Amino acid sequence: MTRSPQETFSDHVRALGSGDLDAIAADFAPDAVLLTPAGVLHRREGVKQGIGGVLADLPNARWKPGTPVFTDDVMLLEWAADADGARVEGGVDTLFRDGLIRAQTVRYTLLTEPTA
């Protein structure tokens with residue numbers, strides 16, 4: 001059964017909240033591409049590595065997602081976060097297809113350095 005982009009998005013947000021990289025990667029297609037500030041990563045193993053890097057950049061982040069905007073199978077979400085004394089702004093631009101995330105671009109700017 002194919003999931004809608006909204007269902008995939010809800011599942012993905014729950015997985016991100018858990019911090020479980022295996023659960024997060026399960027939302028991605030086997031041939032997914034993830035673009036992060038660290039570079040382009042391919043396939044589920046690359047996605048796990050990339051998401052792990054994002055979570056490491058933003059330790060204990062308190063996510064503030066905006067309202068997702070869906071157009072056909074494309075979802076755009078603007079978000080911000082507070083991460084241990086740092087303020088983060090950026091966005092997530094995700095393409096869904098067949099109930100899985102095919103490509104995701106994670107952009108963010110760390111506005112203040114995190115406190116140690």
Side-chain angles (χ1 to χ4, degrees):
M1 176 189 279
T2 300
R3 294 181 299 165
S4 70
Q6 290 87 342
E7 290 169 319
T8 300
F9 174 71
S10 293
D11 290 347
H12 189 58
V13 169
R14 276 193 293 279
L16 282 171
S18 75
D20 181 341
L21 293 177
D22 288 326
I24 294 166
D27 290 329
F28 286 82
D31 59 349
V33 175
L34 177 69
L35 287 78
T36 72
V40 180
L41 301 155
H42 299 272
R43 306 197 193 308
R44 282 188 175 146
E45 284 305 310
V47 166
K48 283 173 56 175
Q49 176 188 353
I51 296 288
V54 170
L55 295 176
D57 281 352
L58 309 174
N60 302 312
R62 291 160 299 284
W63 303 99
K64 300 173 189 172
T67 302
V69 177
F70 296 94
T71 305
D72 297 324
D73 61 353
V74 177
M75 190 271 308
L76 173 66
L77 174 68
E78 294 290 329
W79 55 270
D82 291 317
D84 287 344
R87 208 170 90 231
V88 179
E89 290 183 352
V92 179
D93 184 353
T94 306
L95 171 66
F96 297 94
R97 183 174 169 193
D98 300 332
L100 293 172
I101 300 170
R102 291 287 187 181
Q104 184 167 24
T105 303
V106 180
R107 297 183 308 272
Y108 57 88
T109 302
L110 193 58
L111 299 178
T112 56
E113 290 300 317
T115 56

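Residue numbers count from 1 along this sequence. None of the values given here were measured: they were computed from a predicted structure.
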**Q** First locate atom CG of Leu34, then atom CD1 of Ile51, and finally report the distance between them rounded to the nearest 0.5 Å.
**A**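 Reported to 0.5 Å precision, the distance equals 5.0 Å.
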
**Q** Would you confirm whether Arg44, through its side chain, and Phe28, through its main-chain N or O, come within 3.5 Å as a donor-acceptor pair?
**A**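 Yes, Arg44 side chain to Phe28 backbone: donor-acceptor pair under 3.5 Å.
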
**Q** Answer yes or no: are there more than 12 heavy-atom neighbours, outside Arg102 itself, under 6.0 Å from its atom CZ?
**A**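 Enclosed.
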
**Q** Looking at Pro30 and Leu100, what are the two nearest heavy atoms and their distance?
**A**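 The pair with the smallest heavy-atom distance is CD-CD1, 4.4 Å.
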
**Q** Rounded to the nearest 0.5 Å, how far apart are CG of Leu35 and CD of Gln104?
**A**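 Leu35 CG to Gln104 CD: 10.0 Å, rounded to 0.5 Å.
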
**Q** Suppose we screen for salt bridge (Lys or Arg N to Asp or Glu O under 4.0 Å). Which residues come up paired with Glu45, at least two apart in sequence or across chains?
**A**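 Salt bridge (Lys or Arg N to Asp or Glu O under 4.0 Å) list for Glu45, sorted by chain: Lys48.
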
**Q** Examine Val33 and Leu41 and state if one hydrophobic cluster contains both, with Ile, Leu, Val, Met, Phe, Trp and Tyr joined whenever side-chain heavy atoms are less than 4.5 Å apart.
**A**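 Not linked; separate clusters.
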
